[in-house]
Student: 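Got a structure for you, questions after.
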Protein chains: 2
Amino acid sequence: MTAAETAIETIQREMTVFARRARASAGRMHPELSLVSYTLLGHLEERGGCRATDLAAHYALDKSTVSRQVAALERAGLVARRVDPDDHRVQVLDLTEAGREILSQVHDSRRAAFRERLSGWPPEDLTRFATYLTRYNA
Amino acid sequence: MTAAETAIETIQREMTVFARRARASAGRMHPELSLVSYTLLGHLEERGGCRATDLAAHYALDKSTVSRQVAALERAGLVARRVDPDDHRVQVLDLTEAGREILSQVHDSRRAAFRERLSGWPPEDLTRFATYLTRYNA
DNA sequence: CCGGCAAGTTGTATTCTGCAACCGGATTCA
DNA sequence: TGAATCCGGTTGCAGAATACAACTTGCCGG
């Protein structure tokens with residue numbers, strides 16, 4: 001087996017380990033914000049307004065799932081929808097102030113967990129790791 | 001925010017994305033074996049016979065959930081249960097031959113998926129990525 | 001023997017998800 | 001311009017995973 005193949009084995013195994021752990025702990029960290037809701041809010045924060053379809057495509061979710069999640073987030077007052085004046089089919093989603101606040105709380109506690117876990121890593125390794133993960137998920 | 005903090009943000013987000021996708025796609029790749037089932041079988045393969053309660057504790061699942069999953073796996077002929085002669089409350093779980101076989105197939109196809117996904121990565125990036133993941137999970 | 005604890009099972013409710021059918025606005029093309 | 005089509009989104013439905021609680025059965029210390 002080449003070094004690259006060995007690396008692929010390792011990546012697979014470690015990703016699986018991670019998936020297991022994430023599955024086990026996701027619900028416990030923040031009961032008020034599911035993993036998906038959190039992800040969606042985070043996306044909105046980063047990219048500003050976007051469409052439900054974009055979210056669905058990006059996270060490989062069915063549009064119906066996104067529709068319901070967004071509806072729940074809107075009921076909870078965390079996101080706002082407005083119709084795109086240029087295309088009346090489109091709803092542009094945005095965080096509300098409350099959404100921003102909750103997101104920042106959850107963010108902080110998750111960040112603390114990751115920071116704890118990643119403490120002692122050289123900054124250069126952190127940025128490279130981040131790049132790899134992004135590329136993997138792209 | 002420093003570069004390192006930004007990287008931590010990204011790692012956190014991308015890991016989350018990955019975890020969600022892994023779960024969603026696991027069902028599609030192998031309809032006959034959910035991520036949890038796969039994990040449980042893998043556990044049995046590694047450690048040989050164990051109790052349902054051990055699985056529940058190890059994966060932070062409710063014992064009822066494990067009970068149902070194990071029941072399904074037994075119906076599918078992938079695991080066998082036998083009563084512990086020393087304690088009749090206990091059922092010792094073990095892979096059947098069919099279970100071992102399916103597990104190895106799923107293993108292979110997962111490996112193929114990873115290989116596909118990572119094709120085109122320079123070998124040194126693969127090895128570094130593998131190193132980072134291992135370090136992260138350690 | 002009894003009370004309490006441990007292992008599993010089952011009933012119930014909730015949540016997340018995908019698929020399919022549908023609605024209404026936008027676009028294309030003859 | 002008008003019909004066919006496409007696209008964004010919603011809703012009905014069904015299935016899976018899960019937690020919690022109540023229960024059954026077996027074990028063990030007084």
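All figures in this text were calculated on a predicted structure; none of them were measured in a lab.
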Student: Is B:D62 touching bases, backbone alone, or none of the nucleic acid, heavy atoms closer than 4.0 Å?
Tutor: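 Base contact.
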Student: Between P on C:dA26 and CG on A:D86, what's the gap in Å once rounded to a whole number?
Tutor: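 Checked: the CG to P distance equals 10 Å.
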Student: Need to verify one output field. Residue with the more 5' nearest nucleotide on DNA chain C, A:K63 or A:P85?
Tutor: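 Taking each residue's closest nucleotide, the earlier one in sequence belongs to A:K63.
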Student: Is the phosphate of D:dG8 approached by A:S67 (side-chain N or O, under 4.0 Å from OP1 or OP2)?
Tutor: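 A:S67 to D:dG8 OP1/OP2: no side-chain N or O under 4.0 Å.
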Student: Is it true that atom CD of A:E46 has more than 12 heavy atoms of other residues, nucleotides or ligands lying nearer than 6.0 Å?
Tutor: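 Yes, the 6.0 Å shell around CD holds more than 12 heavy atoms from other groups.
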Student: The side chain of B:T53 is closest to which nucleotide in this list: C:dG8, D:dT18, D:dG9?
Tutor: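 From the listed options, C:dG8 comes nearest.
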Student: What is the distance from NE2 of B:H88 to P of D:dC28, rounded to the nearest Å?
Tutor: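 In whole Å, D:dC28 P and B:H88 NE2 are 11 Å from each other.
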Student: In whole Å, I'd like the distance from the CZ atom of B:R75 to the P atom of D:dA16.
Tutor: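 Checked: the CZ to P distance equals 11 Å.
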Student: Going by side chain to side chain contact (heavy atoms under 4.5 Å, CB included), A:L93 matches just one of A:L40, A:V70, A:V66. Which one?
Tutor: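 Result for side chain to side chain contact (heavy atoms under 4.5 Å, CB included) with A:L93: A:V70.
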Student: The side chain of A:T65 is closest to which nucleotide in this list: C:dT17, D:dG9, C:dA7?
Tutor: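 So the nucleotide nearest the side chain must be C:dT17.
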Student: Give the intermediate values and the outcome of ring-ring contact (aromatic ring centres under 6.0 Å, His included) for residues A:F129 and A:W121.
Tutor: CA-CA 10 Å; A:F129 190 28; A:W121 285 46; 5.4 Å; yes
Student: Rounded to the nearest Å, what distance is computed from the CD atom of residue B:Q69 to the C1' atom of nucleotide D:dA19?
Tutor: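 Taking CD of B:Q69 and C1' of D:dA19, I get 13 Å after rounding.
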Student: Ignoring hydrogens and geometry beyond distance, is the side chain of A:R89 in donor-acceptor contact with the base of D:dC7 at under 3.5 Å?
Tutor: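 Under the 3.5 Å cut-off, the side chain and the base do form a donor-acceptor pair.
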Student: If I take atom OH in residue B:Y38 and atom C1' in nucleotide D:dA17, what distance separates them, rounded to the nearest angstrom?
Tutor: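 My rounded result for the distance is 19 Å.
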Student: Does a side-chain N-to-carboxylate-O contact under 4.0 Å join B:D54 and B:R47?
Tutor: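 Salt bridge absent between B:D54 and B:R47.
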Student: In this structure, how many angstroms lie between the C1' atom of D:dG9 and the CZ atom of A:R81, rounded?
Tutor: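 To the nearest whole Å, that distance equals 9 Å.
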Student: Return the nearest nucleotide to the side chain of A:R51; candidates are D:dG8, C:dA7, D:dT10.
Tutor: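 Given the options D:dG8, C:dA7, D:dT10, the side chain of A:R51 is closest to D:dG8.
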Student: Starting from P on D:dA19, measure out to OH on B:Y59 and report it in whole angstrom.
Tutor: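 Checked: the OH to P distance equals 15 Å.
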Student: Ignoring hydrogens and angles, are the base of C:dC19 and the side chain of A:S64 linked by a donor-acceptor pair under 3.5 Å?
Tutor: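 Looking at the base of C:dC19, it does pair with a donor or acceptor on the side chain of A:S64 (distance under 3.5 Å).
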Student: Once you round it to whole Å, what is the distance between C1' of D:dT10 and CZ of A:R68?
Tutor: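 Those two atoms, CZ and C1', are 8 Å apart.
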Student: Do other residues, nucleotides or ligands put more than 12 heavy atoms under 6.0 Å from B:E124 CD?
Tutor: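 Above 12, so yes.
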